[in-house]
Amino acid sequence: MAGSLFLFNTIELSVAGQGSTPKIKEIVLGRCYEYQLNTIGPKAEKWKNCNTIWDAFHKAFAHKNPCDPKSSDYEPFFKATGMQELSKSLFWSGTYKVAHVYSDSGDRYTTLEDTLAGYLVNGLTWCGKKTDLLSSTKSDGIDYDSCPDRSVCDYTTEFWGLASETFARHARGIARVMLNGSRVDSNGTPTPYRRDSFFAKYELPNLQVGKVSELMIIVVHTNDPTGTSVGCDTDSIIMLEKDAKKRGLKVTCYDDPDDVRHILCTDTPLSSKCLFRHYSNPKMYPRLR
Ligand code: NAD
């Protein structure tokens, strides 16, 4: 059973109710060039065309009512960004921050947000503004004042659902998923795995059986004053194991594995969980006292 360890909650990934991110075109283009500089190197002739990528993205939602774009409208964007097969995929649910520290910007593992498609728009908000033919030449068709709340229409899912599907389809070998052993629902029931999560709805069903050799579940723990942290033996994780096995996937599960603990303990070195056996002798590590 897990103890309380880390404070790594999910962040709200885009802000519903607010308008589109200002300068979104410039941000996406800048990210596009920088990503390719870092991953491909300075030979710009080898880079994908960032204007083509922006145009495909923009066309999917601009000049339309914000609730109108469908996931199929974003297909040209995912075609333009492309995606390679991923031998070190890392999925996450309720563990945004820790998963990204662990992935190390794609150097250790690859999250969706470490791929070009995810990186370009991660954390941004966008929605369209319906324009008539006359004003469509003057406006970029993006609403910078307000975007609908999720209760009006779930327009972000059209994009992120397809992003998740695409990412999952490219996973190969061991696919890792990092879950939050301290997440509870409104009744206080532990829910590290939720069947209404993106991971459950769009990623797990699209893992390619035969090409993915194993689904490795990694359960990590947030600082948990209620003391309800759970691990691999909890009902919610057992439900995930059943869902994955039903699909024909081999499943393993680990509670706070040492490699994750070592990384996370930089923030809480004096927590009891962080006093690894070597470090528990105060004479050896007086600095920690
Ligand atoms: P999660 O529960 O941590 O949720 C992640 C985000 O999606 C949160 O902002 C949450 O409010 C929103 N969300 C979750 N379920 C939703 C639903 N049913 N309808 C609308 N919004 C919902 O984890 P998750 O749901 O499993 O999603 C994370 C997984 O999906 C990751 O593996 C990632 O690859 C992918 N994803 C990434 C983003 C992103 O913005 N980078 C967004 C969605 C999904």
Under a 4.5 Å cut-off applied to non-hydrogen side-chain atoms, are [X] and [Y] in contact?
X: C127; Y: Y155; answer: yes
X: F198; Y: T157; answer: yes
X: Y109; Y: D114; answer: no
X: E85; Y: K211; answer: no
X: P190; Y: S236; answer: no
X: P192; Y: T234; answer: yes
X: R183; Y: S93; answer: yes
X: L124; Y: V28; answer: yes

So how far is it from [X] [atom1] to [Y] [atom2], rounded to the nearest 0.5 Å?
X: H58; Y: D140; atom1: NE2; atom2: CG; value: 5.0 Å
X: L112; Y: L86; atom1: CG; atom2: CG; value: 9.5 Å
X: L90; Y: R176; atom1: CG; atom2: CZ; value: 8.0 Å
X: I142; Y: S20; atom1: CD1; atom2: OG; value: 6.0 Å
X: H221; Y: D256; atom1: NE2; atom2: CG; value: 5.0 Å
X: L162; Y: F77; atom1: CG; atom2: CZ; value: 10.0 Å

Do any N or O atoms from the side chain of [X] and from the backbone of [Y] form a donor-acceptor pair under 3.5 angstrom?
X: E214; Y: V212; result: no
X: D255; Y: C232; result: yes
X: R31; Y: N122; result: yes
X: Y35; Y: L116; result: yes
X: N65; Y: C67; result: no
X: S103; Y: T110; result: no
X: S197; Y: A200; result: yes
X: R108; Y: S105; result: no

For the student: nearest non-hydrogen atoms of [X] and [Y], plus distance:
X: D185; Y: T191; result: N-OG1, 3.6 Å
X: C253; Y: I237; result: SG-CG2, 3.9 Å
X: C147; Y: T125; result: SG-CG2, 4.1 Å
X: G94; Y: N180; result: O-ND2, 3.0 Å
X: F199; Y: L240; result: CE2-CD1, 3.9 Å
X: Q36; Y: K48; result: OE1-N, 2.7 Å

Verify side-chain contact (heavy atoms from CB on, under 4.5 Å) between F91 and L207, making sure each step is shown before the conclusion.
-> CA-CA 11 Å; F91 300 86; L207 292 176; 3.7 Å; yes
Do [X] and [Y] have a side chain donor and acceptor closer than 3.5 Å?
X: H170; Y: S89; answer: no
X: T189; Y: N187; answer: no
X: T131; Y: H63; answer: yes
X: D259; Y: Y102; answer: yes
X: T52; Y: D55; answer: no
X: E34; Y: Y119; answer: yes

State yes or no: do W126 and V152 share one hydrophobic cluster built from I, L, V, M, F, W and Y residues joined by side-chain heavy-atom distances below 4.5 Å, directly or via other members?
-> no
Same hydrophobic cluster for I238 and L204, using side-chain heavy-atom links shorter than 4.5 Å among ILVMFWY?
-> no
Take W92 and I218, measure what side-chain contact (heavy atoms from CB on, under 4.5 Å) needs, and give me the verdict at the end.
-> CA-CA 9 Å; W92 54 270; I218 299 171; over 6 Å; no
Begin with the C-alpha distance, continue with both residues' side-chain angles, and end with the deciding distance and a verdict on side-chain contact (heavy atoms from CB on, under 4.5 Å) for Y254 and V260.
-> CA-CA 10 Å; Y254 300 87; V260 179; over 6 Å; no
F167 ring center near F78 ring center (under 6.0 Å) = no
Kindly determine whether I217 and Y193 satisfy side-chain contact (heavy atoms from CB on, under 4.5 Å), including the steps that lead there.
-> CA-CA 10 Å; I217 305 167; Y193 172 65; over 6 Å; no
So with a 6.0 Å cut-off around CD of E26, is the heavy-atom count from everything else above 12?
-> yes
Within a radius of less than 6.0 Å around NZ of K64, do more than 12 heavy atoms belonging to other residues, nucleotides or ligands occur?
->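 It does: K64 NZ has more than 12 such atoms within range.
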Name the orientation class of the two ring planes belonging to Y74 and F61 (parallel below 30°, tilted from 30 to 60°, perpendicular beyond 60°).
->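 Correct class here is parallel.
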Salt bridge or not for D258 and R261, using N-O below 4.0 Å?
->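 A salt bridge is present here (some side-chain N lies under 4.0 Å from a carboxylate O).
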SB check D68 K130 (cutoff 4.0 Å) = no
